[in-house]
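Input: a single structure, listed below in C-alpha cells.
By convention here, the first residue in the shown sequence is residue 1.
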Amino acid sequence: MFIVALPLFLLGMFACGISFSVEGFQAILFVAGILLVSLAMALPIHIRAK
C-alpha cells in the first residue's frame, strides 16, 4: 500500500504547491491536492482496519 500512498501524497503536495502559480485553476488544483493527500493518508488506515 505504501507504493500507492506515497505517489498520491507527493502528487497532492505538488498540486497544492503549484496551485498558487497557475492561472485560472487555482481553487480546483488546491482542493484536488488536499483530496489527494487525504486519500493517501486514508488508504493505508482503511486497508489495515480490514
Side-chain angles (χ1 to χ4, degrees):
M1 187 50 54
F2 180 76
I3 296 171
V4 174
L6 183 64
L8 284 176
F9 182 78
L10 293 175
L11 185 63
M13 293 296 286
F14 178 74
C16 281
I18 200 81
S19 69
F20 294 104
S21 62
V22 173
E23 294 289 327
F25 295 112
Q26 295 95 350
I28 295 171
L29 274 175
F30 189 75
V31 171
I34 290 175
L35 290 175
L36 284 172
V37 169
S38 299
L39 181 65
M41 294 292 191
L43 276 176
I45 294 169
H46 181 70
I47 296 298
R48 184 166 300 240
K50 287 188 175 183

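Interatomic distance, SG of C16 versus CG of L29, reported as 9.0 Å (0.5 Å rounding).
For the side chain to side chain contact (heavy atoms under 4.5 Å, CB included) test with L36, the passing option among V31, L10, L8 is L8; the others fail.
Nearest heavy-atom pair across P7 and F2 is CD-O, 4.2 Å. Looking at every heavy atom in both residues, A40 comes nearest to A5 through CB-O, 3.4 Å.
The same ILVMFWY cluster, assembled from side-chain heavy atoms under 4.5 Å apart, contains both L39 and M1. A chain of hydrophobic side-chain contacts below 4.5 Å, direct or via other Ile, Leu, Val, Met, Phe, Trp or Tyr residues, connects V4 to I47. Using a 4.5 Å cut-off between side-chain heavy atoms of Ile, Leu, Val, Met, Phe, Trp and Tyr, with links allowed through other members, L43 and L11 fall into the same hydrophobic cluster.
For M13, the side chain to side chain contact (heavy atoms under 4.5 Å, CB included) partners at least two apart in sequence or on another chain are F9, V37.
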